[in-house]
*Asks:* 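Below is one structure. I have some questions about it.
From a predicted model like this one, the values you see are computed outputs, not experimental measurements. Nothing fancy with the numbering, it's 1 onward along the sequence.
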Amino acid sequence: MMDEQNTKWTKEWEASSSPGWAMKGINPYIKKYKDDLTKGMDCVKLFFPMCGDVEDMFWLSELGHDIVGVEISAIAIQKFFKDSNLEYEVTPCEEIKGSLYTSKTGKIRIYCGDFFLFGTSIECNFDGIWDRGAFNILDNCDLKKEYINILKSVMKQDCHVFIELVVSDSTTKADDIQSFFGEDYLVEDFGLVEKYAPEYDSIPFKGFQFFRVSKNN
């Protein structure tokens, strides 16, 4: 099932250097929640699962943070580095059956490969995780559960996870997210917001819903 989804994802990037759902610019809500995501610190380790070419990664790295992403499409990763005007190196990464793209500054590392091969043997101890639609695109509960288990395994004890969902018909309840994380985690619903970028105007959905997840003390 995930092989089919990976193939679909890579074909979308092959068909267009900027797929219709790819937003230009910085997500205004990562700006809003930045201090929560980073806990107000100047240099933390942040994770972007299934990251695409989001400019948020470069913006946060310029603020001093260390960025790690995972993305199946090499086209998306190369576009990110080109658009950010960053030099990078590419090395093989057998554990993810792909490659590692590292900025010359060392502040940004993006793994090109199957997300479901990612885990603590590759990277861990993240201070914050920003999920910009990754959970949303997984189309069955088994994949969603496996995805969340990977996030849980690489979180620090005080890590904050932000999950952004596309809302088509009805909003998602915090209990629905809670069921994947389990009782050891606190899930907070930050509510529904309207579409925040012109790229989304022609796409039929209501808006976005944000959740924050943290480990219970």
*Asks:* State, yes or no, whether a side-chain contact exists between Ile129 and Pro49 at a heavy-atom distance under 4.5 Å.
*Replies:* yes
*Asks:* Would you call the rings of Phe118 and Phe47 parallel, tilted or perpendicular if under 30° counts as parallel and over 60° as perpendicular?
*Replies:*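 Parallel.
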*Asks:* Tell me whether the centres of the aromatic rings in Phe162 and Phe210 are closer together than 6.0 Å.
*Replies:*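 No.
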*Asks:* What I'd like to find out is whether the side chain of Asp56 reaches to under 4.5 Å of the side chain of Arg132, using heavy atoms alone.
*Replies:* yes
*Asks:* Applying side chain to side chain contact (heavy atoms under 4.5 Å, CB included), name anything that partners Ser61, two or more places apart in sequence or on another chain.
*Replies:*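 With neighbours one apart ignored, the set is Phe58, Ile67, Lys107, Ile108.
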*Asks:* Which side chain to side chain donor-acceptor pair (under 3.5 Å) pairs, counting each pair once, include a residue from residues 178-193, with sequence neighbours left out?
*Replies:* Glu188-Arg212, Asp189-Gln209
*Asks:* Could you go step by step and tell me if Ile96 and Ile122 meet the side chain to side chain contact (heavy atoms under 4.5 Å, CB included) rule?
*Replies:* CA-CA 8 Å; Ile96 205 166; Ile122 301 174; 4.3 Å; yes
*Asks:* Can we say Asp158 and Lys215 salt-bridge, meaning some charged N sits less than 4.0 Å from an Asp/Glu carboxylate O?
*Replies:* no
*Asks:* Whether the side chain of Ser84 engages the backbone of Leu86 through a donor-acceptor N/O pair (distance < 3.5 Å, no angle test) should be reported.
*Replies:* no
*Asks:* Taking the six-membered ring for Trp and the full ring for Phe, Tyr or His, determine whether the centres of Phe208 and Tyr29 are under 6.0 Å apart.
*Replies:*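 Between Phe208 and Tyr29, the centre distance exceeds or equals 6.0 Å.
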*Asks:* Please tell me if the side chains of His160 and Val213 come closer than 4.5 Å, counting only heavy atoms from C-beta onward.
*Replies:* no
*Asks:* Cluster question for you: counting only ILVMFWY and a side-chain heavy-atom cut-off of under 4.5 Å, with indirect links fine, are Met41 and Leu37 together?
*Replies:* yes
*Asks:* List for me each residue that meets salt bridge (charged side-chain N to carboxylate O under 4.0 Å, His left out) alongside Asp176, sequence neighbours excluded, and say none if there are none.
*Replies:* none
*Asks:* Would you indicate whether Asn85, at its atom CG, is surrounded by more than 12 heavy atoms from other residues, nucleotides or ligands within a distance under 6.0 Å?
*Replies:*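 No, the 6.0 Å shell around CG holds no more than 12 heavy atoms from other groups.
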*Asks:* For the backbone of Ile77 and the side chain of Glu71, can you confirm whether one donor and one acceptor N or O come within less than 3.5 Å of each other?
*Replies:* no
*Asks:* Walk me through whether Leu165 and Phe211 qualify under side chain to side chain contact (heavy atoms under 4.5 Å, CB included).
*Replies:* CA-CA 8 Å; Leu165 301 182; Phe211 294 89; 3.7 Å; yes
*Asks:* Evaluate the criterion side chain to side chain contact (heavy atoms under 4.5 Å, CB included) for residue pair Ile177 and Phe135; output intermediate values, then yes/no.
*Replies:* CA-CA 10 Å; Ile177 305 295; Phe135 181 82; 3.8 Å; yes
*Asks:* Taking Asp53's backbone N and O only, do any of them form a donor-acceptor pair with Lys79's side chain (distance below 3.5 Å, no angle check)?
*Replies:*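 No: the side chain of Lys79 does not pair with the backbone of Asp53.
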*Asks:* What residues, two or more places apart in sequence or in another chain, satisfy salt bridge (charged side-chain N to carboxylate O under 4.0 Å, His left out) together with Lys104?
*Replies:*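 For Lys104 the salt bridge (charged side-chain N to carboxylate O under 4.0 Å, His left out) partners, ignoring immediate neighbours, are Glu87.
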*Asks:* I'd like to check Ile26 versus Lys31 (side-chain heavy atoms, cut-off strictly below 4.5 Å). Are they in contact?
*Replies:* yes
*Asks:* Would Tyr101 and Gln78 count as a side chain to side chain contact (heavy atoms under 4.5 Å, CB included) here? Give the steps.
*Replies:* CA-CA 9 Å; Tyr101 289 69; Gln78 291 161 13; 3.1 Å; yes
*Asks:* Considering only heavy atoms from C-beta outward, does the side chain of Leu143 approach that of Phe116 to under 4.5 Å?
*Replies:*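 Yes, their side chains come closer than 4.5 Å.
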*Asks:* Start with the C-alpha distance between Asn136 and Glu164, add both sets of side-chain angles, then the distance that settles side-chain hydrogen bond (donor to acceptor under 3.5 Å, both in side chains), and finish with yes or no.
*Replies:* CA-CA 8 Å; Asn136 220 146; Glu164 179 180 2; over 6 Å; no
*Asks:* Applying side chain to side chain contact (heavy atoms under 4.5 Å, CB included), can you list everything that pairs with Leu63, at least two apart in sequence or on another chain?
*Replies:* Lys34, Trp59, Leu60, His65
*Asks:* Per the side chain to side chain donor-acceptor pair (under 3.5 Å) rule, what does the pair list look like for residues 117-131, sequence neighbours excluded?
*Replies:*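 For residues 117-131, and leaving out neighbouring residues, the side chain to side chain donor-acceptor pair (under 3.5 Å) pairs sorted by first residue read Lys45-Glu123, Glu95-Ser121, Arg109-Glu123, Tyr111-Glu123, Asp127-Lys156, Asp131-Tyr147.
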*Asks:* Is Lys173 atom NZ crowded by more than 12 heavy atoms from other residues, nucleotides or ligands, each under 6.0 Å away?
*Replies:* no
*Asks:* For the CD1 atom of Ile137 and the NZ atom of Lys144, what is their distance to the nearest 0.5 Å?
*Replies:* 9.0 Å
